[in-house]
Amino acid sequence: MQFIEISQCKTINFKPLKPWPKHLPSISVRNNLIAGFDSSRTLAVQLDIVFEDALTDCYQKLTLPELARLYKIKPDLRWDFLCDFYHFRWNSDLKNIFELLTETPPKFQNWASEKDLGIKDLSPLKLSIVSPQFLEHITRYSKQIGCKVLEWGIELSEHHSSERILQNSENTERWYHDIFSLRHPITASRDQNYTNRVISTPWPRQVDAQWKRVGDKAGIEVRFISVSSADFQKKSEALVKLQSKVEKIWNPN
Amino acid sequence: MEPQLISQFEKIFIDQNSAESAVVQRIYNIFPHNKIEIVNEKPFPDAFGILSSNEFSRSKRLLYVTEHKGHFFKRCPGAKPGLACCNYFVLNLGLQCNMNCSYCYLQSYINTPLLTIYSNIDRALTELKEVADRYPQHTYRVGTGETTDSLSLDEITLYSRKLISFFKKYPRWTLELKTKSSKVDQFLDVEHAGNVICGWSMNPQNIIEREEHLTANLSQRLDAAGKCLSKKFKLSFHLDPMIWHPEWKESYCELVEKISSMFSPEDAEYITVGALRFQPEQRHMMRERFGLKSLVTQAEVFQGKDGKMRYDIEVRNEMFEFIRNQFLSKSRAWRVSLCMEVPETWSMTMASTPRQIPELKELFAPANTNC
Ligand code: SF4
């Protein structure tokens, strides 16, 4: 086994998300340091094999942002081979995503890595330049919600200023609803009207009712707990008596 | 032949096995020979799986003629649990389309970077004949517009002529050619048994201009339908996908006006209505290919029970009811139905599901295939 002083290597630090295990030595391939970048180390194992083989041996999985950073440092690698290994398809689309990703804030890149975002999840980035704050705010969400907000935000950038899009962004829940309403103004306003009517309906005591959207449908969700069959009958009858008022929720005039 | 159709294709690849086919002979007569290349295997073998937006757009300009290896004859994709749909069979004569609608479902479906035309239509006809001979008493409706437009490339293939002649021998069957083109002259002289329906997808002209690129304009579609009618072909109109926009009522009212002023209810076998819907995964490609100004990429759509993105059910009902009432205000005899809709929408808009509506019963009768 050959060793080399790290100071003599070119560092290909593409900032892999997972720290290199402490018990493993740093790895250099033909004077290119590819693993174990922390400053406490002075020596690296020197490999005399193909760069791509060494890389895939060291890293069984790399996410899109990690690959994007590597691409920025070493665009001349055999990217078709690497993409095949990491289950991506090397084409102009992916190259474009790499370039765009490296322009995003590191916080967003790390979130995209942690959530293992794919090409489609990140494809909205191709459509418009969004503010770094917007991307940073997204990192507070789960993958599912964050991807939705990313899409809506970018779709909104066509008609709204970035200040408007970022309004209420300090409050995670409120911002999500705000972005939803901006992106779906007709639906949001209709749902709000229904919500108001549901709220102003005198529901029987211990019966909860709310206007709820489930995909392409929305309606009243009525919930109550019956502690006995008599209680069930009482609440059901009270609900039946409400019929004409419920009718008004859909036909207020 | 329109020069635009010839210039539209950058390259034509011909699989060696198809080199002697009639369609290839026509291609040699139509296209400059320097665009044509005979190949031993499918071009671009590395381009597999989901296509990028650029690859998809380019696939519309690369023609590939080859034999179809699988079954030609397939059941309509609408015949799925949870969806009310016509009993309908599809005959795939190709894959991909030379027109370019923003909402096209092929964007979620195509995984080959070429526009493919199958050269072995004779085998398709043999398949059809086998079914016909096995179940002579059954009635079938067969359409060719699932994975490609039925007529937009028909000047090149002339497949309509073969199909119409074939269906002449099976008068109990119905052939439906569905298109957004105006290419009909190539088959108008073919004798038929009155069992061919020429169907047009219709949208107001403002929607055609904005969302249905490279298709025939509204008056060209209406004129083509008129030509077919004059040769006693049956007609159908599909107001599908209806696309919501602020002036949608005016636009669609005008469209109904145009159709009903040129045709009578007796001329059209039926009218189907459907609203914008698409697979969620195709939204990325639509955004990249048509931008954020398209009415389709801007649409307020939500995932329905069947997984597709659709307008809110209230909006859909309003649209369907509006169209139905517009037609019925012209004449009670217009037959308007919904296609690819959930049964709930059927019952909300039409007070009954397809098989309960007497005038549509036949259309939606279960196909007796038993095969
Ligand atoms: S005409 Fe039909 S197949 Fe062709 S692009 Fe439009 S929707 Fe797609």
Side-chain angles (χ1 to χ4, degrees), chain A residues 80-81 83-84 87-97 100 117-130 144 147-148 150-160 180-191 193-194 211-219 249-251, chain B residues 44 46-58 107-108 111 113 244-246 248 275-294 296-318 341-342 344-345 348:
Chain A
D80 50 346
F81 168 82
C83 287
D84 219 34
H87 309 293
F88 296 107
R89 196 150 72 83
W90 181 237
N91 57 21
S92 55
D93 232 33
L94 186 59
K95 212 168 127 182
N96 190 5
I97 290 280
L100 291 163
L117 260 53
I119 278 278
K120 292 223 162 161
D121 301 319
L122 292 163
S123 72
L125 292 175
K126 289 192 248 172
L127 295 164
S128 165
I129 298 164
V130 279
Q144 202 199 4
C147 287
K148 270 191 195 166
L150 176 65
E151 275 187 49
W152 294 339
I154 283 176
E155 285 166 351
L156 288 170
S157 65
E158 182 73 25
H159 305 287
H160 299 272
F180 174 90
S181 307
L182 260 189
R183 173 62 187 81
H184 307 93
I186 298 168
T187 313
S189 119
R190 203 179 35 229
D191 282 349
N193 286 339
Y194 280 119
W211 185 257
K212 193 169 173 180
R213 168 156 298 282
V214 183
D216 63 344
K217 278 183 220 133
I249 293 175
W250 280 282
N251 300 308
Chain B
F44 312 113
D46 295 339
F48 57 90
I50 303 158
L51 299 184
S52 69
S53 311
N54 289 339
E55 286 168 328
F56 185 90
S57 298
R58 183 147 194 248
Q107 292 170 110
S108 70
N111 57 7
W244 190 95
H245 54 289
W248 70 271
L276 176 69
R277 59 199 171 274
F278 54 84
Q279 295 292 348
E281 60 271 20
Q282 79 185 68
R283 68 194 190 281
H284 306 289
M285 191 181 274
M286 296 192 313
R287 270 195 307 249
E288 283 170 37
R289 299 185 65 236
F290 299 97
L292 298 172
K293 289 209 167 82
S294 150
V296 172
T297 57
Q298 272 177 23
E300 290 189 32
V301 285
F302 307 91
Q303 196 156 24
K305 229 193 221 160
D306 63 350
K308 285 188 191 158
M309 306 301 288
R310 297 173 188 268
Y311 296 126
D312 179 85
I313 197 163
E314 252 190 56
V315 175
R316 273 150 47 209
N317 286 334
E318 194 191 351
E341 263 301 335
V342 286
E344 250 165 315
T345 321
M348 285 171 86

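Scope of the values below: all heavy atoms of this structure, side chains included, with no hydrogens, waters or symmetry mates. In what follows, every chain begins at residue 1, and chains take the letters A, B, ... in the order their sequences are listed.
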Test side chain to side chain contact (heavy atoms under 4.5 Å, CB included) on B:Q279 and B:Q107 and set out the steps.
CA-CA 9 Å; B:Q279 295 292 348; B:Q107 292 170 110; over 6 Å; no

Engaged part of B:Q303 at the chain A interface, taking heavy atoms whose separation is under 4.5 Å:
backbone

Tell me whether B:D306 is salt-bridged to B:R277, with the criterion being a basic N under 4.0 Å from an acidic carboxylate O.
no

Under a 4.5 Å heavy-atom cutoff, which of B:E300, B:R287, B:Q298 has the most pairs with chain A?
B:E300

Among the options A:E158, A:K126, A:R213, A:K120, pick out the one with the most heavy-atom pairs lying under 4.5 Å from chain B.
A:K120

A:H184 and B:F302: CA distance, side-chain angles, deciding distance, side chain to side chain contact (heavy atoms under 4.5 Å, CB included) verdict
CA-CA 10 Å; A:H184 307 93; B:F302 307 91; 3.8 Å; yes

Between the NE2 atom in A:H160 and the CZ atom in A:R183, the distance rounded to the nearest 0.5 Å is 9.5 Å

Could you check which of A:I186, A:D93, A:L94 has the highest count of heavy-atom pairs closer than 4.5 Å to chain B?
A:I186

B:F290: ring-ring contact (aromatic ring centres under 6.0 Å, His included) partners, not counting sequence neighbours:
B:H213

In terms of heavy-atom pairs under 4.5 Å with chain A, the winner among B:E281, B:M285, B:R283 is B:R283

Do you see a donor-acceptor pair shorter than 3.5 Å between the side chains of B:E288 and B:S53?
yes

Contacting region of B:N54 [heavy-atom separation from chain A under 4.5 Å]
side chain

Choice from A:S157, A:P124, A:P185, A:S92 maximising heavy atom contacts with chain B below 4.5 Å:
A:P185

